[in-house]
Amino acid sequence: MTWTLLLLLPLGLIALAYMRVPLLLITAALAAWLVAAALHFDWSVAASVTVAVLVGIPALLLNLVPLRRALISRPLLAVYRNILPPMSDTERIALEAGTVWWEGELFRGHPDWQKLHAYPEPQLSAEEQSFLDNEVDELCRLSDDWRISHELKDLPPETWQYIKDKGFLGLIIPKKYGGKEFSAWAHSQIVTKLSTRCSASAVTVMVPNSLGPAELLLHYGTDAQKDHYLPRLAKGLEIPCFALTSPQAGSDAASIPDYGIVCRGMHEGREVLGMRVTWDKRYITLGPVATLLGLAFRLYDPDHLLGDTEDIGITCALIPTDHPGVQIGRRHFPLNAVFQNGPNWGRDVFMPLEWIIGGPAMAGQGWRMLMECLAAGRSISLPASNTGMAKLTARAVGGYARVRSQFKTAIGRFEGIQEPLARIGGHLYMMDAARRMTASAIDLGEKPSVVSAIVKYHITERARIVVNDGMDILGGKGICLGPSNFLGRAYQQIPIGITVEGANILTRSLIIFGQGAIRCHPYVLREMRAALADDTPEALTEFDDALFAHIGYTASNAVRTLITGLTGSHWVGVPGDLAPETRRYYQQLTRFSTAFAFIADAAMLTMGGDLKRKEKLSARLGDILSLMYLCSATLKRYEAEGRQAADAPLMHWAIWDALFHAQTAFEGVISNFPNRLIGMLLRRLIFPLGRPYVVPSDRLGSEVAKLLIEPSATRDRLTADMYVPQDEHDAVGAIEHALKATVAAEAIEAKVRAAQKRGDLKARGPGMMRAAFEAGVIDAQEFALVTRRDELRDRVVKVDDFAQDFGADAVPATPAEARNVTALAA
Ligand SMILES: Cc1cc2nc3c(=O)[nH]c(=O)nc-3n(C[C@H](O)[C@H](O)[C@H](O)COP(=O)(O)OP(=O)(O)OC[C@H]3O[C@@H](n4cnc5c(N)ncnc54)[C@H](O)[C@@H]3O)c2cc1C
């Protein structure tokens, strides 16, 4: 009895904290235990009174809310107000923009997996599917990447016209304005498919449908602006661009030096209230051909023509590019990508206030507008375009690795090549899952700002790994540019996705956790708001509620972290209807989520505002949150696709790899925690029995690699909705044909080798197949098949060569067909 009672205290407290029981109940349980202990151990009156006072006073202080507010929360609020780092308006707007979605569940330590699987899977309407199958395919066909990027240096006029005529520039514009009114998922699918073919076409379509004039008009435009511009944008009568970046303000876009001064001036023959705007922008996509310039600048009203405020703030306006004073510059040349991109500027260009998006009432609201709209565009465009490039890599490089032989073996069968192939397959499976889940959030009406940063960063970084691996596998074939090189341009252009829409280093170091910590945390934003508010009783109440809930939450997360660590998370409940082979992943993710919630609090509590400058720690914390999001998307995909057993290696590889990296990120935070004592405690709590994850096994990697090097339903699902040209003279089309022929020819080759072994066939090297045919080892049909395989293989491995000056009429000088050695080989 004595031991039971003694053990009951710590175990009971741990159990109550684990279950996140309210403070009042914990106090009641403690009181009951004390009474039981007093009776059992027969405490004297003096001892009982001492214990009652020692425990009772803090218990009263904590549970009597008015007392607690007056004696604890009020002084703490004063301290908090002093240490809270100052926050600029632009920082506050950025932090508060958008909504919190699934990442909030992961942040809070107790993800509800049923909720994840209850999010509906995105579906294309019949109209969207038809557009994808027909118009998008046709645009792919019209997009000869090499001709566009090397010879024409632009889309050909007929392709431009096709884009305009078929409504590609109005995918997000409602039907009532003549647009397509497609879902975010359809938009994502369209950009993905185009990106498997040609970056110029993909970017040209992507940008007007992403953050730009149409999106801003839809949300903030006046009726007159919408009625005038949206139908014209939908029909391609206007080519839009949006100019935010200045030479002096790139990542720190809120510091743009571009300005407008409110003043009176002449417009269309009358004097109107307007603004004189001066700007200098660069890197503006579609800028050189734009007819409608979306412009961000800071508006000032020194003469108080609009009111008392002089510095009105960042403002967005729409300016026709033929307006006097607008200077459209020449072109930048972004890593051989030929989508239109260039600088523009203007000096004291007068324009009416009506050109402000949303009219004069929206003057100064530009930053809020941009931040609120950023999530949608960033959730779709780069995740889609980079997944497209990865699909192209997986399909074409996977095929190539089977067609290309060295040392008498398909290179895809070498363990050294299997390693990058596994990365290509595993990462792509995860990237596509995250792209899909995130687009579906947009269609559910979310504006998930943290998630948009997660997918922007992690999908573009994975695309970089995938494309780099693809290049290594291709060897010289990937290096020599020309129409036969299907990956070189993607390789060149990968850094563009890394840099735009929030450069990746900044996004990882500052945004994902920096914004996530405040947006997703259940209490921090409430505490901050209370601290920033006036000193009123309401602010104190809000602070007190949030603070004490926060303390309980942190204590509970600490206990849960330790228990799930000690038990290897085997006791964590997982909904029974999920695939059994994924059960452990949900348990491990719940464990990581709890540990993350705890370590995030520990970091915020001990470093406070300094955490903002501890970018390496912030980046690693962001990695953990991101990797849990990517794993969630991957598990959701696996269920949504019907738990395809054949695809399981892709899912397993992706999850093992992500969990291993999440574990490494934990380790990075712990090892570098500025307070070493807390760092040590964190290690004991989070990894009490060591670190459970290792890299995906070699065997698993080989299984993934095998899936990429032969035709199968898995390969089709992995590269679904890629544009696969049927023309065997196309670089990618040739691989498709060659792969089928290679697989079919392998059985014939085995037959020939067996004949050689038996001594029935003496011939070796070139001419061996013909000899086998003549000796009756293989029949005419089989001989024709290997001959055809050789012909296709030669086409696949060929590279282009050019005249000395790589001139504009750079048709390869010696087409490989002219030097075809197929007949010889056969
Ligand atoms: C091809 C292309 C198309 C573009 N299209 C458009 C467009 O249509 N409209 C438009 O307005 N802009 C556009 N941009 C601009 C793009 O958004 C910027 O390039 C981007 O914001 C980065 O700015 P920057 O290039 O000046 O780099 P910098 O801001 O100089 O950054 C340099 C490096 O420093 C890192 N960095 C910066 N601050 C921090 C920090 N606090 N912590 C850690 N790292 C940090 C960045 O991550 C980056 O790696 C385009 C750019 C390119 C290249």
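When a ligand or atom number is given, it counts from 1 through the structure's own listing order.
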Problem - Any side-chain heavy-atom pair of Val338 and Ser199 under 4.5 Å - result: no
Exercise for the section: Fit a plane to each ring of Phe513 and Phe107, take the angle between them on a 0 to 90° scale, and name the class: parallel (under 30°), tilted (30 to 60°) or perpendicular (over 60°). Expected result: parallel
Exercise for the section: Would you mind finding which of Gly514, Ala296, Pro247, Gly250 brings a heavy atom closest to atom 26 (O) of ligand 1? Expected result: Gly250
Practice task
Examine Asp252 against ligand 1 and note whether any of their N/O atoms are separated by less than 3.5 Å.
Solution key: no
Problem - Nearest-contact summary for atom 4 (C) of ligand 1 - protein heavy atom, Å - result: Tyr283 O, 2.9 Å
Handout entry: Note, Leu532 side chain near Arg529 side chain (heavy atom, < 4.5 Å)
Key = no
Problem - ligand 1 N/O within reach of Ile284 N/O, cut-off under 3.5 Å - result: no
Exercise for the section: With heavy atoms under 4.0 Å as the rule, classify the contact between Thr245 and ligand 1 as side chain, backbone, both or neither. Expected result: both
Exercise for the section: Using side-chain hydrogen bond (donor to acceptor under 3.5 Å, both in side chains) as the criterion, list what pairs up with Arg464, not counting sequence neighbours. Expected result: Glu461
Practice task
Please indicate whether any nitrogen or oxygen in Ser509 is less than 3.5 Å from any nitrogen or oxygen in ligand 1.
Solution key: no
Problem - Point-to-point distance, once rounded to the nearest 0.5 Å, from CH2 of Trp160 to CG of Leu142 - result: 14.0 Å
Problem - Pairwise ring pair (Phe, Tyr, Trp, His ring centres under 6.0 Å) hits with a residue in residues 335-361, at least two apart - result: His267-Trp355, His323-Trp355
Exercise for the section: Would you mind listing which atoms of ligand 1 come within a distance below 4.0 Å of any non-hydrogen atom of Thr499? Expected result: 19 (O), 20 (C)
Exercise for the section: Determine, counting only non-hydrogen atoms of the protein, whether one lies under 4.0 angstrom from atom 35 (C) of ligand 1. Expected result: no
Exercise for the section: For residues Leu487 and Met471, determine if any side-chain heavy atom of one lies less than 4.5 Å from a side-chain heavy atom of the other. Expected result: yes
Exercise for the section: Kindly confirm or rule out an N or O of Asn504 lying under 3.5 angstrom from an N or O of ligand 1. Expected result: no
Exercise for the section: With heavy atoms only and a cut-off of under 4.0 Å, state how Glu615 meets ligand 1: side chain, backbone, both or neither. Expected result: side chain
Handout entry: Proximity winner for atom 37 (C) of ligand 1, if only heavy atoms of Ser251, Gly497, Cys241 are counted
Key = Ser251
Handout entry: Test side chain to side chain donor-acceptor pair (under 3.5 Å) applied to Arg298 and Asp258, Asp311, Thr315, the passing residue
Key = Asp311
